[in-house]
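Any value given below was found using the heavy atoms of this structure, including those in side chains, with hydrogens, waters and symmetry copies removed. Chain identifiers are assigned alphabetically (A, B, ...) following the order of the sequence lines, protein sequences preceding nucleic acid strands; residue numbering begins at 1 within each chain.
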Amino acid sequence: EPEVTQTPSHQVTQMGQEVILRCVPISNHLYFYWYRQILGQKVEFLVSFYNNEISEKSEIFDDQFSVERPDGSNFTLKIRSTKLEDSAMYFCATSGDREETQYFGPGTRLLVL
Amino acid sequence: DAKTTQPPSMDCAEGRAANLPCNHSTISGNEYVYWYRQIHSQGPQYIIHGLKNNETNEMASLIITEDRKSSTLILPHATLRDTAVYYCIVRVDAGNNRKLIWGLGTSLAVNP
């Protein structure tokens with residue numbers, strides 16, 4: 001069964017550093033999403049991406065965040081200057097069509113010190 | 001904010017059916033109900049979804065009331081591996097965008 005994969009599984013970084021989280025979507029999927037989950041809290045929508053541009057972003061997704069699909073396969077989330085409150089699990093999700101089910105990757109656990 | 005409310009926790013005996021309720025009284029006519037589950041802090045796993053009709057797949061059944069204001073996820077024969085947090089989600093459709101708005105879910109404990 002096709003799966004969404006994410007790398008790295010864990011990332012520890014110093015406050016103020018840049019991090020890039022990577023996602024490999026299911027083949028032929030065209031709609032991409034990032035969500036995050038702070039420990040013990042709800043899963044929160046960050047951003048949706050289609051046709052090489054952002055479709056929608058939440059209030060959380062400020063100027064420190066960016067997404068791109070640099071090589072036609074990986075879908076990345078960059079946090080330019082990490083803050084302590086960015087510590088969370090970050091989940092990538094993809095779907096084949098706008099109306100289709102979103103399938104989630106295993107997540108990247110980000111810890112900002 | 002989430003458009004769904006669920007009990008925070010439930011218990012179920014292994015081998016018995018687990019019935020997880022969800023209220024979504026403000027759901028709009030074209031909004032789908034999705035169920036996902038999350039084991040520990042793993043990635044959310046899709047279970048099932050529906051619009052108006054009851055649905056069944058290899059994992060579960062979804063019963064949606066006629067007025068669509070509530071639904072029930074049924075795991076017919078719960079196993080210990082079904083212990084997880086179960087999320088009932090109304091997918092919010094706005095123009096071309098589709099996003100999942102999550103609540104706190106129901107923590108299901110399947111007991112031996």
| field | CZ (Arg16(B)) with more than 12 external heavy atoms under 6.0 Å | value | no
| How about Glu85(A): does its CD atom have over 12 heavy atoms from other parts shown lying under 6.0 Å from it? | yes
| note | Counting heavy-atom pairs under 4.5 Å with chain B, the top scorer among Ser48(A), Gly107(A), Ser55(A), Ser58(A) is Ser55(A)
| message | When you compare the side chain of Phe91(A) with that of Gln42(B), does any pair of heavy atoms fall below 4.5 Å? | response | no
| message | Rounded at 0.5 Å granularity, tell me how far CD in Gln102(A) sits from CG in Leu100(B). | response | 4.0 Å
| query | chain B heavy atoms under 4.5 Å from Gln6(A): which part of the residue, side chain, backbone, both or neither? | reply | neither
| Do the two ring centres, one from Trp102(B) and one from Phe104(A), sit under 6.0 Å apart? | yes
| task | Treating Ile, Leu, Val, Met, Phe, Trp and Tyr as nodes and any side-chain heavy-atom pair under 4.5 angstrom as an edge, say whether Tyr86(B) and Val110(B) lie in one connected cluster. | result | yes
| field | Contact leader toward chain B among Thr101(A), Leu39(A), Val4(A), where contacts are heavy-atom pairs under 4.5 Å | value | Thr101(A)
| task | Side chain from CB out, backbone as N, CA, C, O: work out which of these in Gln45(B) comes under 4.5 Å of a heavy atom of chain A, or both, or neither. | result | neither
| query | Honestly curious: do Leu113(A) and Ile20(A) fall in one hydrophobic cluster under the side-chain, below-4.5 Å linking rule? | reply | no
| Above 12 or not: heavy atoms from other molecules or residues under 6.0 Å from CG of Asp67(B)? | yes
| query | So which part of Glu3(A) gets closer than 4.5 Å to some heavy atom of chain B, the side chain, the backbone, both or neither? | reply | neither
| Would Leu104(B) end up clustered with Leu108(B) when hydrophobic side chains under 4.5 Å apart are linked, directly or stepwise? | no
| remark: Rounding to 0.5 Å, atoms CD (Glu100(A)) and CZ (Arg98(B)) come to a distance of 12.0 Å
| query | If two hydrophobic side chains count as joined below 4.5 Å and joins carry through other members, does Val47(A) share a cluster with Ile60(A)? | reply | yes
| query | Which bit of Tyr32(B) is near chain A, if near means a heavy-atom gap under 4.5 Å: side chain, backbone, both or neither? | reply | neither
| message | Counting only non-hydrogen atoms closer than 4.5 Å, does Tyr35(A) touch chain B with its backbone (N, CA, C, O), its side chain (CB onward), both, or neither? | response | side chain
| Does Gln38(B) reach the side chain of Gln37(A), with side-chain heavy atoms less than 4.5 Å apart? | yes
| If two hydrophobic side chains count as joined below 4.5 Å and joins carry through other members, does Leu111(A) share a cluster with Leu77(A)? | no
